Structure formats: C-alpha cells, structure tokens
Amino acid sequence: MPELPEVETVRRGLSPMMEGKTFLRVEQRRPDLRFPFPARFAERLTGQTVRHLGRAAKFLKAELSSGEMLIMHLGMTGRFTIDGAPTASFAADPGSDAKHDHVVFHLEGGVQITYNDPRRFGFMELWPVAQFDAYPRLKKLGPEPLSNGFSAAYLNEALAGRQTPIKAALLDQAVVAGLGNIYVLEALFRAGISPKRKAASVVGARAERLAPAVNAVIAEAIEAGGSSISDFAATDGSLGYFQHSFDVYDREGEPCKTCADPIKRIVQSSRSSFYCGKCQR
DNA sequence: GCTTGGACCTGATTGC
DNA sequence: TGCAATCAGGTCCAAG
C-alpha cells in the first residue's frame with residue numbers, strides 16, 4: 001500500500017532509468033485504470049524525453065520534452081518493474097502477474113518499465129507543465145511532512161475547530177499530503193495521541209509532539225525504503241514495497257512495545273485503526 | 001463548510 | 001474441499 005515513503009522509493013528507483021531517456025514505444029493494454037487513460041495516451045508519450053521525474057505527495061510526475069507532465073498514482077496495488085536494464089540487478093519479477101501489466105514503457109537503451117496494478121486504483125494522466133499549478137488533484141493538497149510548511153504551528157491552525165477524530169483529519173490530504181492509514185497510526189502512537197481524540201483538541205503540547213512524530217515516521221520509512229531497494233531488487237526486481245516493522249499497525253492483541261498492554265483495533269471512517277489504549281490518550 | 005460513508009477493484013483470508 | 005462473504009485501502013463524490 002504505497003504511501004509517501006513508498007512512492008518516494010519508487011521515484012528513486014525509476015529516476016535513473018527514466019530521466020534523460022526517450023520513450024521509444026508505449027503499450028497501453030486497457031482503456032482505463034481507476035480513470036480512463038488520456039486520449040492518444042501512448043501516442044503522446046512516444047518520442048518524448050523524460051526531463052525530470054519528481055514527486056508531489058503520492059503522485060509521481062514525469063516532465064516530458066513535449067511540455068506535458070505524465071502524472072502517475074499507484075493507488076493501492078500499483079507497482080513498477082524494470083526489465084532489460086543495463087544493470088542486471090533489476091531483473092523482471094518472476095512472481096508478477098502479467099495479466100495485470102497495464103502499461104509497458106519501452107525506453108531507449110533497451111529499458112522496459114512495466115506498470116502492474118491488480119486492483120486498478122492507480123491512474124495516469126497528462127497535464128501541461130506550464131499549468132501544473134492548476135492540476136485539480138494536487139491543487140487542494142496540504143503541506144507534506146518534512147516540508148517547511150508542516151509544523152506544530154501549522155497543525156494548530158489546520159486542526160482548529162475540526163470535530164472529526166484526529167485519525168480522519170490526518171488522512172485528509174488537504175491537511176497533510178501523503179499520509180495514509182499506516183503512517184497516521186504509527187505517528188499517533190509515537191505522539192501518545194489516541195486516534196479517537198477530536199482533531200480540534202490536538203493543539204499546544206499535543207501538536208508539538210505530533211508534528212515531529214509524523215516527520216520521524218516518514219523519514220524513517222523513506223530511509224528504510226531507499227536502503228531496501230538493492231536488497232529487494234536482488235530477490236524479485238520490484239520496487240515500491242519494503243518490509244517494515246510497525247509499532248501498532250496490524251498488531252491487534254499483540255503487546256504494546258512500550259507498556260505491554262494489548263493493541264486495540266477499532267474501525268474509523270470504514271478503516272481499521274490500531275492503538276494502545278494506555279499509551280495513547 | 002464540514003463530515004460521513006459508499007463506490008471503485010480484485011486477491012487474500014476467513015467462515016461455514 | 002469448496003464456495004461465499006469479508007477485508008484491505010487512496011481517492012472521489014454524494015448525501016446528511
């Protein structure tokens with residue numbers, strides 16, 4: 001389940017394969033993912049050179065020589081595999097399911113990058129670089145963790161008056177961009193804040209704990225992802241997922257790593273929340 | 001304006 | 001053993 005750290009890991013893996021390279025051929029194997037592909041998608045990519053591969057929140061953005069931006073979102077199960085690369089470490093994933101290979105990018109130098117997405121929650125779009133600020137899906141995003149705009153003072157302001165649980169508020173991309181279910185729960189555990197607590201009450205000392213907790217969780221996950229690329233590629237060649245041990249996520253009934261009380265599970269906004277009822281208030 | 005919950009999607013897991 | 005139901009979750013959107 002790609003959240004910001006996983007997407008950054010994917011970006012770092014794809015970047016050396018894509019930047020400065022030209023799309024020789026693009027195979028689009030179905031009309032849509034979560035949304036329909038842009039009109040003449042493959043045609044508009046073919047012959048274009050990737051000037052830069054960047055990221056905004058969970059979105060990957062490839063700036064093309066045509067003046068368009070290829071925007072890619074991995075959704076829940078999207079992944080890229082690199083094949084035929086000059087470096088043998090990025091071999092094809094033998095376990096991948098080819099029937100969910102929806103897009104194949106053939107780049108110069110014999111590099112083949114395949115987008116696989118069983119649940120098709122991901123999407124790809126093309127948008128003019130010059131008008132990127134107006135791209136609707138990114139226009140309403142809040143600041144990213146680790147950015148200058150994200151701080152305890154910002155949280156004080158952004159959460160003021162919000163009656164929804166803090167868990168739901170942090171999942172709102174307009175409040176913080178790039179957080180998903182897992183890292184929200186991990187950050188709340190570190191900050192000692194219950195996911196049930198009303199967002200508006202997370203001010204002052206609580207916000208002072210939460211902002212650095214969010215930053216630390218994301219920074220550590222990016223570091224773990226980055227360092228796992230080579231290990232993971234050596235085994236199956238895929239990018240974007242890495243093993244990570246969590247303090248509370250998916251640990252219902254297991255002892256809290258701080259106080260040994262069993263981790264609880266509740267459902268909020270139709271999503272599972274895991275927390276320690278003793279450490280988190 | 002804010003909040004909630006359903007829809008989308010399919011593989012894996014659970015329950016009968 | 002086999003089938004059906006449930007769950008997972010990022011984002012959008014309709015409804016309250």
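Given the structure is predicted, the values throughout are model-derived calculations rather than measurements. Chain identifiers are assigned alphabetically (A, B, ...) following the order of the sequence lines, protein sequences preceding nucleic acid strands; residue numbering begins at 1 within each chain.
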Undergrad: Give a yes or no on whether a salt bridge exists between A:Glu125 and A:Lys61, defined as a side-chain N under 4.0 angstrom from a carboxylate O.
TA: no
Undergrad: Going by an N to O cut-off under 4.0 Å, is there a salt bridge joining A:Arg12 and A:Glu8?
TA: yes
Undergrad: Among A:Asp117, A:Thr114, A:Asn116, which residue meets the side-chain contact (heavy atoms from CB on, under 4.5 Å) test with A:Arg79?
TA: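 Result for side-chain contact (heavy atoms from CB on, under 4.5 Å) with A:Arg79: A:Asn116.
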Undergrad: Starting from C1' on C:dG10, measure out to NZ on A:Lys167 and report it in whole angstrom.
TA: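 The distance from NZ of A:Lys167 to C1' of C:dG10 comes to 13 Å, rounded to the nearest Å.
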Undergrad: To the nearest 10 degrees, how far apart in direction are the end axes of the helix from B:dC2-C:dG16 to B:dC16-C:dG2, each fit to five base pairs?
TA: 60°
Undergrad: Apply the side-chain contact (heavy atoms from CB on, under 4.5 Å) test between A:Ile193 and each candidate in A:Arg281, A:Arg206, A:Gln280; give the one that qualifies.
TA: A:Arg206
Undergrad: Would you say A:His100 reaches B:dT10's phosphate, i.e. side-chain N/O to OP1/OP2 under 4.0 Å?
TA: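 For A:His100, the contact criterion (side-chain N or O under 4.0 Å from OP1 or OP2 of B:dT10) is not met.
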Undergrad: Rounded to whole angstrom units, what separation is found between the CE atom of A:Met76 and the P atom of C:dC12?
TA: 16 Å
Undergrad: Would you kindly give the CD-to-P distance between A:Glu252 and B:dT14, to the nearest whole Å?
TA: 12 Å
Undergrad: Does a side-chain N-to-carboxylate-O contact under 4.0 Å join A:Glu68 and A:Arg44?
TA: yes
Undergrad: Rounded to whole angstrom units, what separation is found between the CZ atom of A:Arg265 and the P atom of C:dC7?
TA: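 Going from CZ in A:Arg265 over to P in C:dC7 covers 7 Å.
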Undergrad: How many Å lie between OH on A:Tyr249 and C1' on C:dC7, as a whole number?
TA: 10 Å
Undergrad: Starting at atom CG of A:Leu185, determine the distance to atom C1' of C:dA8, rounded to an integer number of angstrom.
TA: 13 Å
Undergrad: Could you run down nucleotides 4-9 of chain B 5' to 3' and tag each one B, S or - for protein heavy-atom contact under 4.0 Å?
TA: S--BBB
Undergrad: Just distance, no hydrogens or angles: give the donor-acceptor pairs under 3.5 Å from side chains in residues 208-219 of chain A, sequence neighbours left out.
TA:
| unit_1 | atom_1 | unit_2 | atom_2 | d |
| --- | --- | --- | --- | --- |
| A:Arg209 | NE | A:Ala191 | O | 2.6 |
| A:Arg209 | NH2 | A:Ala191 | O | 3.2 |
| A:Asn215 | OD1 | A:Leu146 | N | 2.7 |

Undergrad: Take the angle between the ring planes of A:Phe105 and A:Phe23 and call it parallel below 30°, perpendicular above 60°, tilted in between.
TA: tilted
Undergrad: Taking only the side-chain heavy atoms of A:Arg137 (C-beta and beyond), determine which of C:dT11, B:dG11, C:dC12 contains the nearest atom.
TA: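 Closest nucleotide to the A:Arg137 side chain: C:dC12.
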Undergrad: Please report, rounded to the nearest Å, how far the C1' atom of C:dC12 is from the CZ atom of A:Phe123.
TA: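 The distance from CZ of A:Phe123 to C1' of C:dC12 comes to 10 Å, rounded to the nearest Å.
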Undergrad: Quiz question: by atom type and distance under 3.5 Å, do the side chains of A:Ser272 and A:Arg265 form a donor-acceptor pair?
TA: yes
Undergrad: Under 4.0 Å between a side-chain nitrogen and a carboxylate oxygen: does that hold for A:Glu6 and A:Arg11?
TA: no
Undergrad: Whole Å only: how far is the CZ atom of A:Phe35 from the C1' atom of C:dC13?
TA: 10 Å
